[in-house]
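The figures that follow rest on heavy atoms only: side chains count, while hydrogens, waters and symmetry mates do not. Here is how names work: the chains are called A, B, and so on, in the same order as the sequence lines, proteins then strands, and each is numbered from 1.
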Number of protein chains: 2
Amino acid sequence: MARKVTIQDISREAGTSPSTVSRVLTGSAPVSDAKRDAVLQAIERLNYHPSSIARSLRSKVTYSVGLLLNDISNPFYGVVARGIEDEANRAGYSLILCNTNEDPAREQQYLQVLRSKQVDGIILGPTGDNIDFIRELSEQIPIVLTDRALPGCDHLSAVLVDNEAGSCRAVTQLIENGHKRIAMVRWQKQVATMAQRTAGYEWALREHHIALDPALMIDVPALSVESTAAVMQQMFADGVDFTAIFALNNQLGLGVLSAIQASALRIPDDVALVVFDDSPMFSLFSPPITAIEQPAFAIGEQAMRLLLKQMQDPEHYQPETVVLRTRLVKRESV
Amino acid sequence: MARKVTIQDISREAGTSPSTVSRVLTGSAPVSDAKRDAVLQAIERLNYHPSSIARSLRSKVTYSVGLLLNDISNPFYGVVARGIEDEANRAGYSLILCNTNEDPAREQQYLQVLRSKQVDGIILGPTGDNIDFIRELSEQIPIVLTDRALPGCDHLSAVLVDNEAGSCRAVTQLIENGHKRIAMVRWQKQVATMAQRTAGYEWALREHHIALDPALMIDVPALSVESTAAVMQQMFADGVDFTAIFALNNQLGLGVLSAIQASALRIPDDVALVVFDDSPMFSLFSPPITAIEQPAFAIGEQAMRLLLKQMQDPEHYQPETVVLRTRLVKRESV
DNA sequence: CGTTATAATGAAATCGATTTCAAAAATGAG
DNA sequence: CTCATTTTTGAAATCGATTTCATTATAACG
């Protein structure tokens, strides 16, 4: 294979020094028109492509940022990722995609990789673990949190949604339609989003003087449609008494839906349903599913914007927490 | 901020040379136990983390591969990405995520970035354009195609599905259920997947001696649910005569579904439907939607495996085309 | 026209690792 | 115990750019 063309080759071809070539490449200092043309032509002639690696080594910037998400195949995170990617692309940054699969060990391993690759920043959809490590790392690399807050990391910028208010709105909607025994399905109560959405659920009930019934707060052991469906089907089989369900995220919602179908129940007559996190498909169900919509794309964009800001001027960095509004999309499942 | 710890610092601390430190780091040559321990301890004490950048510059490998996809927020590509990520992670590679959004200019721009970042390989879900550029680039960097074949790039390994057979199966299913006037909805007929699926459609009709009716081959101008819905609603309004629809991908399927709902038609009585590309939600529709399932995760895994193979031994590289089988998931929409 | 400020340039150092090469130390054979 | 191997080791070169620093050319001004 032909040896790679380097800046030396260009300087030789253009009859100038590597420094000058570098200057036309980066625009870091003025260059006479004559030299610039010579360099540009040499670049063209030799089909030269500068090595980002070499550049990064010397200049200490890589123009890449790490993107850690729990599940890129989850449409919510997929859209978040697109928002991030769009904004990153606009600013000339590349993304290093890391899928943690909710596994803290994998998260930590990836954070180490990102450090050694010297990314300029990190957007982190955290598992909820590795807190000390993340705090320490954030002193070397700008980190912006997305989707989930991280207890003890208040000095990090974050882009979140109003989980509590959104949930409260969802449950209130159920209450206003006459439901009093409202079940709630969640996963991992210690994860920030789950905790906040639970709080919203409790808040709505309290506000309407409905007693909290622990039997209606259903925890599923694993975050998957199948696991949720199994738990819910058991609930139906056991004849647990409730008339409505609030699912705390889209996978849980799908599990509930699946159990409802398997148990041959009708929505909303046998059981009403609201899901936190909307899907374009929900409007096509019969009946269409009422859901809390999250501005996924905007979450991504904002997160990247906060990160860019912090990377551009790490000196006067001030943590910012952006909380975006969710919206209740009323359909016909309640 | 504290100056970064380098290999020099370690060598000093451990009372040895940088070369030796490098040797314990990479295991490229034997090191005595005494020295090794001293180095390891120094690394521990100073909290040293080697710079991948510097390493890559010298050793010419980056342990990162580019991942170009058209739409990471599309669940199909999301699952493909997970398959790739899983396999890449296992082999110690990082992914650079590039979303092309079906835009050839963006695709080319990204390919250039990947070259300058000196990725060890590229997995490409191509827009269908930039063929010459891709061919040229593939002489410098291993490239594996996913999802779509690329005319004139037969020397590239690729992981595809049996689009033609799958489509034929889908349409045959409609025919066997008595349908004769079967519409087909597609986008960009020159894109490989669309062309192959169209061929499958035509093949099934031919086999059953049903004449092809160009009026039933519907092209939508843009790949989006809204655009498809608009076109289909017009078809319904115009009273075009067909009893079944075959949608060539998931977005098109959603658009059709949306139009059917807006036009208050019933499935399968007013119109039957099969969608190429299944969704976990399809089984929850009423009626559940019949679809062609693609092994998305396996596509990703296989693509990464082919790439790994090629990267490990570029010398005796032999292009391989893996065609994975699709499966008809019979539900109740036909 | 001389003097000073500014613009343009190149030589050399640098970024932080790996790799090459040669020398030193350890081991084994006779 | 000597000589030939084989292991370990470190000095120095290297990867391919940017950056610093000193120098030369050019412009501006009184």
Between [X] and [Y], does at least one N-O distance fall below 4.0 Å, as a salt bridge requires?
{"X": "A:E87", "Y": "A:K309", "result": "no"}
{"X": "B:D71", "Y": "A:R82", "result": "yes"}
{"X": "B:D86", "Y": "A:R106", "result": "yes"}

Is there a donor-acceptor pair under 3.5 Å between the side chain of A:K35 and the backbone N or O of A:A14?
->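 It does not hold such a pair.
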
B:S157 backbone acceptor or donor facing B:T321 side chain under 3.5 Å | no

Along DNA chain C, 5' to 3', what are the outermost nucleotides having an atom less than 4.0 Å from a heavy atom of chain B?
->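 Reading along DNA chain C, I get C:dG16 to C:dT20.
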
Heavy atoms only: give me the nearest B:Y48-B:V5 pair and the separation to one decimal.
->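 That closest heavy-atom pairing would be CD1-O, 3.4 Å.
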
Of all heavy-atom pairs between A:A303 and A:T146, which one has the smallest distance, and what is that distance?
->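 Looking at all heavy atoms of both residues, the shortest contact is CB-CG2, 3.4 Å.
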
Residue mapping more 5' on DNA chain D - nearest nucleotide basis, B:L57 or B:V31 = B:V31

More 5' along DNA chain D: B:K60 or B:K35, using each one's nearest nucleotide?
->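 This one resolves to B:K35.
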
Please say whether more than 12 non-hydrogen atoms of neighbouring residues, nucleotides or ligands are located less than 6.0 Å from CG in B:N47.
->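 Above 12, so yes.
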
Could you give the CD1-to-P distance, from B:I10 to D:dG10, as a whole number of Å?
-> 15 Å

Residues touching DNA chain D, which here means a heavy atom under 4.0 Å, drawn from residues 16-26 of chain B |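 Per residue number, the list reads B:T16, B:S17, B:S19, B:T20, B:R23.
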
